[in-house]
Number of protein chains: 2
Amino acid sequence: MKRPSSRDVALRAGVSQATVSYVINGERKLRVSPETRERVLRAIEELGYQPNAAARALRTQRTQLVALLTPDLANPFYPILAQAIQDVLQEHSFELLIANSRGIASQERHFLDTVVQRGVDGAIVVAWHLDHADVDRVLQAGIAFVSVGSDFGHELVCAVASRDQRGAAEAVRYLIRKGHRRIAHIAGDQSTPPGRLRLEGYCRAMEAAGLTVDESLLVYGDFTRGSAAPLARRLLAQDVPPSAIFVANDTMAVDAMLSLQELGYQVPHDIAIVGYDDTPEAQFVRPQLTTVRQPIAPAGRAAADLLLKQILSAPIQARRIIFDTELVVRGSA
Amino acid sequence: MKRPSSRDVALRAGVSQATVSYVINGERKLRVSPETRERVLRAIEELGYQPNAAARALRTQRTQLVALLTPDLANPFYPILAQAIQDVLQEHSFELLIANSRGIASQERHFLDTVVQRGVDGAIVVAWHLDHADVDRVLQAGIAFVSVGSDFGHELVCAVASRDQRGAAEAVRYLIRKGHRRIAHIAGDQSTPPGRLRLEGYCRAMEAAGLTVDESLLVYGDFTRGSAAPLARRLLAQDVPPSAIFVANDTMAVDAMLSLQELGYQVPHDIAIVGYDDTPEAQFVRPQLTTVRQPIAPAGRAAADLLLKQILSAPIQARRIIFDTELVVRGSA
DNA sequence: CTGTTAGCGCATTCAG
DNA sequence: CTGAATGCGCTAACAG
């Protein structure tokens, strides 16, 4: 019932604990004679010995663990990101600890505590409410750190990001080119950078085209499924309804589109819709969603690479990787 | 740069380590005088002290960590399950370590090794290739264990499951009632229990209705997106094509339906489609997918509850929780 | 090539 | 109510 320790193995093999450790961690040089090694291996086998990770971590100060913070696993964006990260980490035999903040500030901070307490080797974070001091705490603890999406105004953090404002503006310009003038925006949570930046991109593009951003064209969701449907309906119920909507992410865009279609609106004829992210759901709906593609998997891989570089080599200096977005024109606009 | 330890806190507060430990783990009885406690708390604050989880785990043999094994995060089924589990665990301040097996046997085993080595307090597992001995290894290590979907023929494991065969049969009977006679099946990976059971359910229902299961009606996918489209096309390209398809999960069903629609088939008029799982994507497609609902979130919560019961109380005896499935009739069949 | 020794940071006896 | 001492299981110096 009790787990065997390396001492048990040593006893059984008639060697010292150190020797057991050597054969397990096989320093490049085979410091152990073949026959001793053989005996130890057999003892390990017979006892079903598994090294104790906590003890090892305590001793080595390394955990082979990487933590990932995500705002919402139900948004397909994040599983895709997580998969990509995991693929990279796996090659280097790091495990991934995934946590969920639900976009709540306190949970984001709690995650940072966890990261420090567990002494994970590195953390990849998608967070919206952290500040310079929060991040600093982690950096001070000597933990490798990569942010996805924001740099928290901290000059030392590695970050991978894309140009939200630019992507949003491109989407809106496209709608303008197609002749739309009353273009509404279902914005994301304004306490988050992507929420604010995409709204800003929308405003910029409108103003650049000499279109006024009417208050009646602006509504605010929270990026989750279900938050957009009522907003879309309200938008369309106005006296002078918009002819197009730019939605801050695909999850909400799909929600909005389906609910409008239920009301009998023809997309894109009655109402054009553009989303953001290009998650798989964009291709499930009919018409397929015109949207701004973010390279999710490449971003995940880049983040993991950046992190591994910090963990494995000396702490590199801060690096930013910016991905370009791309407007994908499908049927909805 | 270096993290403070409880000794540093003790020094600064002018007390012993033991006292620090007492104020942190606050035995229900306040064994520490208020003023001492206050001093310690201040020292903790000032140093930014965070207990070291590895040391704690080594000492207490508990990690406050639960591990979850999942075959494929890209299938919305699993994020939903994970969310539900995490919600329950969070209330008891357990962290969740999510891993991905991609349905590969070796990875499933590797996960079990991880679980033992890290000494997690419990593991929830969705696995398809484990056997009695594998599970036994974990149980022997005294780790709480709950399986989702299968019990690995082990009398001691707690499991939550649903009746795959029954659910599949119900779907097929529904198609038969609607007058379909040539009903095809896009099966899941036959090396997995759900793949086999749903196929079996299909066969049973067909035979019970006196319909022969034609080999030309049976094709095999692997539960992932993309695997079903070519199969669906092949099915429909036959001389005497089926009038309905029962697909082993929604991910494949959506894939099949969209690809058939692209070819000009009208669903459900030309070809009826029924899926399995009732993941959100079933409601995104048009027509919406008729499917067999599994209560994913309740299953997740039940699994987490079962696990917590094992961790917190004495090791309870094995318990099986079986959820009923429900046919949800929408537009696709 | 192998054994001995000394902690890593914490929680927990046992004395005082 | 508090302090000193012990060891969880492992690895890294250092001896031999």
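Values in this document were obtained by computation on a predicted structure and should not be read as measured data. Every chain is numbered from 1 and lettered A, B, ... according to where its sequence line falls, protein lines coming before strand lines. Computed over heavy atoms, backbone and side chain alike; hydrogens, waters and symmetry mates excluded.
Within the 4.0 angstrom heavy-atom criterion, no nucleotide atom of any strand lies near B:V20. Residue contacts for B:S21: at a heavy-atom cut-off of 4.0 Å it reaches a base atom on one of the strands shown.
Residue A:R118 contributes atom CZ, which lies 18 Å from atom P of C:dG9 at whole-angstrom precision. The CD atom of B:Q117 sits 20 Å away from the P atom of D:dC8 (whole-angstrom rounding). The CD1-P distance, from A:I44 to D:dC10, rounds to 10 Å in whole Å. Here D:dG9 presents its P atom at 10 Å from CZ of B:R59, a figure rounded to the nearest Å. The distance from atom CD1 of B:I24 to atom C1' of C:dA11 is 10 Å, rounded to the nearest whole Å. Rounded to whole angstrom, the span from the CG atom of A:L47 across to the C1' atom of D:dG9 amounts to 15 Å. With rounding to whole Å, A:E38 atom CD is found 16 Å from C:dC1 atom P. Atom CG in A:L58 sits about 14 Å away from atom P in C:dG7, given to the nearest Å.
A close approach under 4.0 Å does occur between a side-chain nitrogen or oxygen of A:R56 and OP1 or OP2 of D:dT11. Between A:S6 and D:dC10 there is a side-chain polar atom (N or O) within less than 4.0 angstrom of OP1 or OP2. Residue B:T19 has a polar side-chain atom (N or O) positioned under 4.0 Å from OP1 or OP2 of D:dG3. The side chain of A:T36 contributes an N or O atom lying less than 4.0 Å from OP1 or OP2 of C:dT2. Look at A:S16 and you'll find a side-chain N or O under 4.0 angstrom from OP1 or OP2 of C:dG3.
The aromatic rings of B:W128 and B:F223 are tilted relative to each other, their planes meeting at an angle between 30° and 60°.
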Evaluate salt bridge (charged side-chain N to carboxylate O under 4.0 Å, His left out) for B:R102 paired with A:D87, printing each intermediate quantity in order.
-> CA-CA 11 Å; B:R102 305 171 161 274; A:D87 287 346; 2.6 Å; yes
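By the 4.0 Å N-to-carboxylate-O rule, A:D151 lies close enough to A:R320 to be salt-bridged with it. Between B:D113 and B:R137 a salt bridge is recorded (basic side-chain N to carboxylate O distance below 4.0 Å).
Among the nucleotides D:dC10, C:dC8, C:dT12, the one closest to the side chain of A:Q61 is C:dC8. Of the candidates C:dC10, D:dC10, D:dT2, D:dC10 carries the atom nearest the A:Q17 side chain, counting heavy atoms from C-beta on. The side chain of A:R7 sits closest to D:dC8 out of D:dC8, D:dG3, C:dC8. Closest to the side chain of B:Y22, from the set D:dT2, D:dA4, C:dG3, is D:dT2.
Each of B:H129, B:H154, B:R109 was checked for a side chain to side chain donor-acceptor pair (under 3.5 Å) with B:D134, and the lone residue meeting it is B:R109.
Across the interface with DNA chain D, nearest-nucleotide mapping of B:R39 and B:A55 shows B:R39 to be the residue nearer the 5′ end.
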